[in-house]
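Accompanying notes for the structure given below.
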2 protein chains.
Amino acid sequence: METPETSGKTHRHHGDLRETLISAGIELLDEGGLEALTLRRCAARAGVSHAAPAHHFKGISGLLTAIVARGYRKFTLTMIEEREKAANEPYARLEAICQGYLRFARENDALFVLMFSPQKLDFDDEELALQSESAYEVLAETCAPFQHGEAGSQGTEIMVWSLVHGFAVLSRRNRSGIADKMTPAVHFSDILPQLALKLPTP
Amino acid sequence: METPETSGKTHRHHGDLRETLISAGIELLDEGGLEALTLRRCAARAGVSHAAPAHHFKGISGLLTAIVARGYRKFTLTMIEEREKAANEPYARLEAICQGYLRFARENDALFVLMFSPQKLDFDDEELALQSESAYEVLAETCAPFQHGEAGSQGTEIMVWSLVHGFAVLSRRNRSGIADKMTPAVHFSDILPQLALKLPTP
DNA sequence: AGCGCTAACTTGACACTGTCTAGTTGCCTG
DNA sequence: CAGGCAACTAGACAGTGTCAAGTTAGCGCT
């Protein structure tokens, strides 16, 4: 039998270079944004040569994928955390995970951008698939209590996900000091109620 | 008086290197995706040296910004085109610009990604601001007939924009052959009606 | 125990990227 | 008709990711 823990290989350098590199990448990410995240810089910060990461990741995209996978994990936890603070009532719980979504985007700006960047990520990676589906699962189960429309439960999920994701993307521009006409000067809690969400009649 | 046309400078090379470089960039974009778009490659395709673009754009970000600005123009036109084919009725017009939105995203994949990529774009550029606000204007005027909620007309606009943008982003994953649980197997026309959109009582 | 073998890691090279600095050239203006 | 200037070229430089060849340390095997 093999547990995930036994797969940890303790080699000669420091405990786990793979984990160290991921952490270094996240540090670079919130210190200097996406531009600052570089394979060679990660290696340097971890104290190894620039070619060392190749033994742990499939190129730069492998490293980015691992970082994003860890990002999804934190993302999921943030939504759950907010949901547990909310009243045990479907609508309050839904609003809570949305606030968690937005808080994560606010507090992990560059990581959030990377997570939803379609470039340079290896979507065949199973760890990424696992973590991202786990995040979606939180959304799905929080949407489940509501009455679904023409498109079934997935229609409700996509409606909510799109709304909050789009709102997060637009809100980002504000923080970057862009100030378009399309940057929302509106609270999310004022637009969520405009979805036609109903509870089924018991 | 100065018209936008008189500002065209005809120098010695070909008519307008600036315009040629933008077109070359767009070509590279839909031939090889975002990875293929490079300052040096644009220059090569335009038949000039690698340092020539510097006289027309403020670095790579200037070129990308110009490409994106042109993208927004086409984007706006696509939405208007669909809207004019629709019945002259508020809801049909709104659905039409959403279909235009999604069609543009489908037909200009890499350009669409670049347009909403927060990196490497110069958001202080006034041409970009002009074109992107012009796109938003189409959305705003199509949303105007509806009854607005707590957050006013901008609340309605952001709700619709977020919904269609989020849907476009999620749909992209399908086409890339990712096949998550979060890729919608749903038609947009089935989830748009789930927004609580009402016309004011006359 | 001793001896490979293998995986981790280093060093160096390569083809790229964007940007900066000098030159060169051709057009327009005074 | 000169002078100036903007467009453009050629070359260099610091970075990037990736590949090829060495080195070294720890493990299993007879």
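Because only heavy atoms are used, hydrogens play no part in the values below, and waters and symmetry mates are left out as well, while side chains stay in. Just so it is clear: chains get the letters A, B, ... in the order the sequence lines come, proteins before strands, and each one is counted from 1.
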*Which residues in residues 22-31 of chain A have at least one heavy atom lying under 4.0 Å from any atom of DNA chain D?*
none
_Distance, rounded to the nearest Å, where B:Leu21 contributes CG and D:dC8 contributes C1'_ = 12 Å
*asked:* According to side-chain contact (heavy atoms from CB on, under 4.5 Å), who are the partners of B:Ala96, at least two apart in sequence or on a separate chain?
replied: B:Glu82, B:Ala86
Run the side-chain donor-acceptor check on residues 141-150 of chain A: report pairs under 3.5 Å with partners two or more places apart or on a different chain.
residue, atom, partner, partner atom, Å
A:Glu141, OE2, A:Arg83, NH1, 3.0
A:Glu141, OE2, A:Arg83, NH2, 2.9
A:Thr142, OG1, A:Arg83, NH1, 2.9
A:Thr142, OG1, A:Val138, O, 2.6
A:His148, ND1, A:Thr156, OG1, 2.8
A:His148, NE2, A:Phe146, O, 3.4

*asked:* Could you check whether any side-chain heavy atom of B:Leu199 comes within less than 4.5 Å of a side-chain heavy atom of B:Pro90, counting everything from C-beta outward?
replied: yes
*Counting N and O atoms only, with roles assigned by atom type, does the side chain of A:Ser117 sit under 3.5 Å from a partner on the main chain of A:Val113, one being a donor and the other an acceptor?*
no
_Euclidean distance, atom CG of residue B:Leu17 to atom C1' of D:dA6 [Å, nearest integer]_ = 13 Å
*Specify whether B:Tyr72 and B:Phe116 have parallel, tilted or perpendicular ring planes, treating 30° as the upper limit for parallel and 60° as the lower limit for perpendicular.*
perpendicular
*May I have all residue pairs that pass side-chain hydrogen bond (donor to acceptor under 3.5 Å, both in side chains) and include part of residues 105-115 of chain A, sequence neighbours excluded?*
A:Lys74-A:Asn108, A:Arg103-A:Glu107, A:Asp109-A:Arg172, A:Asp109-A:Arg175
_Any side-chain donor near an acceptor of the partner, B:Ser23 and B:Arg70, under 3.5 Å_ = yes
Hey, can you pull the donor-acceptor pairs under 3.5 Å for the side chains in residues 36-43 of chain B, sequence neighbours left out?
residue, atom, partner, partner atom, Å
B:Arg41, NE, B:Ala36, O, 3.0

_Within the 4.0 Å limit for protein heavy atoms, which parts of nucleotides 14-22 of chain C are touched? Write it as a string from 5' to 3', B for base, S for sugar-phosphate only, - for none._
---SBBB--
